[in-house]
**Student:** 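Can you keep this structure in mind? I'll have questions shortly.
Counting from 1, the numbers follow the sequence of the chain as shown.
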Amino acid sequence: MPRILFIAAHRPNRSPSQRFRFEQYFSFLKENGFDYHLSYLISEKNDQLFYKPGSFHAKLYIFLRSALKRQMDVWHASDYDIVFIQREAFMTGSTFFARQIRKKKVKFVYDFDDAIWHLDVSDANKKLGWLKSPGKTVKLISMADLVIAGNNYLADYAKHHNENVVIIPTTIDTNYHRKINFSATNKNKVCIGWTGSITTIKHFEHAVSFLKKIKEKYQDKIEIKVIGDPNYFNESIDVKGIEWNSETEIEELSKIDIGIMPLPDDEWTKGKCGLKGLSYMAMEIPAIMSPVGVNTDIIEDGINGFLAVSENEWIEKLSLLIESPELREKIGKEARKSVIEKYSVESQKQRYLDCFNALLKRT
């Protein structure tokens with residue numbers, strides 16, 4: 001039975017990048033004769049400390065413990081047929097552990113879903129940003145036997161450094177992501193929702209100006225929900241963020257009538273794989289997204305969602321959806337259909353499996 005060692009930063013079901021890139025294929029791999037193990041660095045206990053400002057000594061402890069963990073991965077790498085590194089093996093600019101693994105007689109897969117050759121550090125860890133080295137991405141791509149990129153933009157970059165590149169989009173488990181129908185409770189209001197994390201809440205800020213005007217226009221007919229950063233508060237639009245929770249995720253998403261994905265247009269966001277929008281769409285929630293990167297491939301404007309650039313466009317398209325439940329339903333159904341056809345686990349799982357089987361056959 002071939003064995004795969006998955007190397008990533010977080011425990012299972014913690015990181016959207018891991019969850020929607022490879023974790024949801026685990027059972028399918030098992031069913032098709034593969035064994036696997038996930039080696040992660042940041043435990044649940046250390047999670048809050050790592051993303052909390054300050055706590056230098058605690059982060060130093062996490063750093064040293066992580067280095068030991070990765071050294072153990074190096075020692076055990078030969079027990080596996082494939083080592084799969086998602087984004088990076090270690091949280092600094094060093095490629096030391098990846099290079100040591102590369103020396104073993106094992107196939108090396110590198111997977112990435114962001115333009116991580118550009119530096120993007122969370123606010124909580126800005127003081128430690130000097131430890132990062134965006135240039136390590138090129139080195140990891142170059143040493144891989146296979147590179148899996150989340151979209152064309154990322155693949156084009158990778159192909160400059162490695163000829164063995166495939167595109168597998170970030171995918172949604174559409175059997176799990178299904179909208180729950182609530183009773184008419186509070187349905188006199190239309191809920192505009194955003195879901196993300198403490199590292200991406202800055203993107204929600206791009207929506208505040210037009211959401212203020214929507215609030216002024218529709219008053220108590222709308223409410224705004226932010227899922228993912230419990231510390232976020234914006235008095236001007238009367239929003240207090242709530243924490244993401246795996247047990248209530250589908251319930252909270254189901255309360256959203258319109259999902260938004262505002263983004264700045266820069267080199268970092270061009271590498272985004274559209275996960276936020278896809279999660280809305282899978283739930284039959286009509287989405288409005290900035291036409292940045294892969295979003296223009298996902299959305300057919302006015303058919304399975306909307307694209308908006310200017311503030312006036314955002315207000316216009318939000319207004320259309322707020323005022324028409326029928327349009328929300330129509331767009332939502334087309335959105336889910338699009339995800340099932342192109343961006344679901346079901347649509348990509350065989351390609352995923354074929355990549356590993358083909359890699360094992362290569363000499």
**Student:** Quick one: are His37 and His76 in side-chain contact, heavy atoms under 4.5 Å?
**Tutor:** no
**Student:** Taking the side chain as everything from C-beta on, heavy atoms only, tell me whether Glu88 gets closer than 4.5 Å to Lys136.
**Tutor:** yes
**Student:** Show, in sequence, the C-alpha distance, side-chain angles and deciding distance for Arg102 and Asp145, and conclude whether the side chain to side chain contact (heavy atoms under 4.5 Å, CB included) test is met.
**Tutor:** CA-CA 9 Å; Arg102 191 68 188 90; Asp145 294 298; 2.9 Å; yes
**Student:** Just by distance, do the side chain of Lys215 and the backbone of Ile224 share a donor-acceptor pair under 3.5 Å?
**Tutor:**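 It does not hold such a pair.
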**Student:** Mark yes or no for whether Asn162, through its side chain, and Asn164, through its backbone, hold a donor-acceptor pair below 3.5 Å.
**Tutor:**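 Judged by distance alone, yes, a pair lies under 3.5 Å.
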**Student:** Do Tyr218 and Glu323 meet the criterion of a side-chain donor-acceptor pair at a distance under 3.5 Å?
**Tutor:** yes
**Student:** With heavy-atom distances below 4.5 Å as the criterion, would you say the side chains of Trp314 and Lys213 are in contact?
**Tutor:**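 Sidechains of Lys213 and Trp314: no contact.
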**Student:** State whether a side-chain donor-acceptor pair under 3.5 Å links Arg99 with Thr95.
**Tutor:**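 Yes, side-chain donor-acceptor contact under 3.5 Å.
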**Student:** Salt bridge (Lys or Arg N to Asp or Glu O under 4.0 Å) between Glu267 and Lys270: does it pass, once the steps are laid out?
**Tutor:** CA-CA 5 Å; Glu267 294 306 308; Lys270 285 176 184 174; 3.0 Å; yes
**Student:** Between Lys107 and Asp81, does at least one N-O distance fall below 4.0 Å, as a salt bridge requires?
**Tutor:**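 No, Lys107 and Asp81 are not salt-bridged.
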**Student:** Once salt bridge (charged side-chain N to carboxylate O under 4.0 Å, His left out) is applied, do any residues pair with Lys30, and if so which ones, sequence neighbours excluded?
**Tutor:** Asp35
**Student:** Answer yes or no: is there an ion pair linking Lys212 with Glu216, defined by an N-O contact shorter than 4.0 Å?
**Tutor:** no
**Student:** If every non-hydrogen atom of Tyr280 is compared with every non-hydrogen atom of Trp194, which pair is closest and at what distance?
**Tutor:** OH-CA, 3.2 Å
**Student:** Is the shortest side-chain heavy-atom distance between Ser324 and Arg328 below 4.5 Å?
**Tutor:**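 They are not in contact (no side-chain heavy atoms under 4.5 Å apart), so the answer is no.
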**Student:** Going by side chain to side chain contact (heavy atoms under 4.5 Å, CB included), Leu318 matches just one of Ile222, Val190, Ile192. Which one?
**Tutor:** Ile192
**Student:** For the pair Phe112 and Tyr110, evaluate ring-ring contact (aromatic ring centres under 6.0 Å, His included) and give the outcome as yes or no after the intermediate values.
**Tutor:** CA-CA 7 Å; Phe112 69 129; Tyr110 181 64; 5.6 Å; yes
**Student:** Just so I know, are the side chains of Ile258 and Phe306 near enough to count as touching, which here means a heavy-atom distance under 4.5 Å?
**Tutor:** no
**Student:** Using modelled atom types and a 3.5 Å cut-off, is there a donor and acceptor pairing between side-chain atoms of Asn295 and backbone atoms of Pro291?
**Tutor:**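 The answer is no, because no donor-acceptor pair under 3.5 Å joins these two groups.
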**Student:** Any chance the rings of Tyr157 and His161 have centres within less than 6.0 Å?
**Tutor:**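 Yes: the rings meet the under 6.0 Å criterion.
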**Student:** Could you check Gln18, Gln86, Glu23, Arg19 and say which one makes a side chain to side chain contact (heavy atoms under 4.5 Å, CB included) with His10?
**Tutor:**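 By the side chain to side chain contact (heavy atoms under 4.5 Å, CB included) criterion, His10 pairs with just one of Gln18, Gln86, Glu23, Arg19: Gln18.
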**Student:** With sequence neighbours excluded, give me every side chain to side chain donor-acceptor pair (under 3.5 Å) pair touching residues 332-341.
**Tutor:**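 Residue pairs passing side chain to side chain donor-acceptor pair (under 3.5 Å), neighbours aside: Asn304-Ser338.
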**Student:** Has Thr296 got a side-chain atom pairing as donor or acceptor with Gly293's backbone, closer than 3.5 angstrom?
**Tutor:** yes
**Student:** Start with the C-alpha distance between Ser279 and Thr195, add both sets of side-chain angles, then the distance that settles side chain to side chain contact (heavy atoms under 4.5 Å, CB included), and finish with yes or no.
**Tutor:** CA-CA 9 Å; Ser279 65; Thr195 179; 4.2 Å; yes
**Student:** Please examine the side chains of Lys255 and Ile180, heavy atoms only from C-beta on, and report whether any two atoms are closer than 4.5 Å.
**Tutor:**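 Of all side-chain heavy-atom pairs linking Lys255 with Ile180, none is under 4.5 Å.
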**Student:** With a 4.0 Å cut-off, would you call Glu44 and Arg14 a salt bridge?
**Tutor:**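 Looking at Glu44 and Arg14, the cut-off is not met.
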**Student:** Taking it one step at a time, do Asn234 and Ser236 satisfy side chain to side chain donor-acceptor pair (under 3.5 Å)?
**Tutor:** CA-CA 6 Å; Asn234 192 305; Ser236 68; 2.4 Å; yes
**Student:** Answer yes or no: is there a donor N or O on one side and an acceptor on the other, between the side chain of Glu249 and the main chain of Asn245, under 3.5 Å?
**Tutor:**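 Answer holds: no.
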**Student:** Among all residues two or more places apart in sequence or in another chain, which pass the side chain to side chain contact (heavy atoms under 4.5 Å, CB included) test with Gln348?
**Tutor:**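 Residues passing side chain to side chain contact (heavy atoms under 4.5 Å, CB included) with Gln348: Tyr25, Ile168, Pro169, Thr171, Arg351.
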**Student:** Between Phe22 and Phe84, is the ring centroid distance below 6.0 Å?
**Tutor:**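 Phe22 vs Phe84: aromatic centres under 6.0 Å.
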**Student:** Is there a side-chain contact between Asp229 and Ser197 in this structure, where contact means two heavy atoms from C-beta onward sitting under 4.5 Å apart?
**Tutor:**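 Not in contact.
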**Student:** Evaluate the salt bridge (Lys or Arg N to Asp or Glu O under 4.0 Å) criterion for residues Asp301 and Lys317: first the C-alpha distance (whole Å), next the side-chain angles of each, then the deciding distance (0.1 Å), finally the verdict.
**Tutor:** CA-CA 10 Å; Asp301 193 47; Lys317 291 174 179 182; 3.2 Å; yes
**Student:** Heavy-atom distance under 4.5 Å between the side chains of Phe204 and Leu211, does that happen here?
**Tutor:** yes
**Student:** Would you call Arg87-Asp113 a salt bridge at under 4.0 Å N-O?
**Tutor:**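 Asp113 and Arg87: salt-bridged.
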**Student:** Is the Phe356 to Tyr352 ring centre distance short of 6.0 Å?
**Tutor:**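 Phe356 vs Tyr352: aromatic centres under 6.0 Å.
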**Student:** Is there a side chain to side chain contact (heavy atoms under 4.5 Å, CB included) between Ile331 and Ile303? Walk through the geometry before answering.
**Tutor:** CA-CA 6 Å; Ile331 295 288; Ile303 305 298; 5.8 Å; no
**Student:** If I compare all heavy atoms of Met283 with all of Arg178, which pair ends up nearest, and what's the gap?
**Tutor:**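 That closest heavy-atom pairing would be SD-N, 3.6 Å.
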**Student:** Could you give me the CA-CA distance, side-chain angles and deciding distance for Leu359 and Arg362, then say whether side chain to side chain contact (heavy atoms under 4.5 Å, CB included) is met?
**Tutor:** CA-CA 5 Å; Leu359 184 60; Arg362 275 166 43 187; 3.7 Å; yes
**Student:** Asp354 and Gln350: side chain to side chain donor-acceptor pair (under 3.5 Å), yes or no, with the steps?
**Tutor:** CA-CA 6 Å; Asp354 290 346; Gln350 190 58 49; 2.9 Å; yes
**Student:** Please tell me whether Phe34 and Phe26 form a close aromatic pair, meaning their ring centres lie under 6.0 Å apart.
**Tutor:** no
**Student:** Distance alone, cut at 3.5 Å: any donor-acceptor contact between the side chains of Thr174 and Glu346?
**Tutor:** no
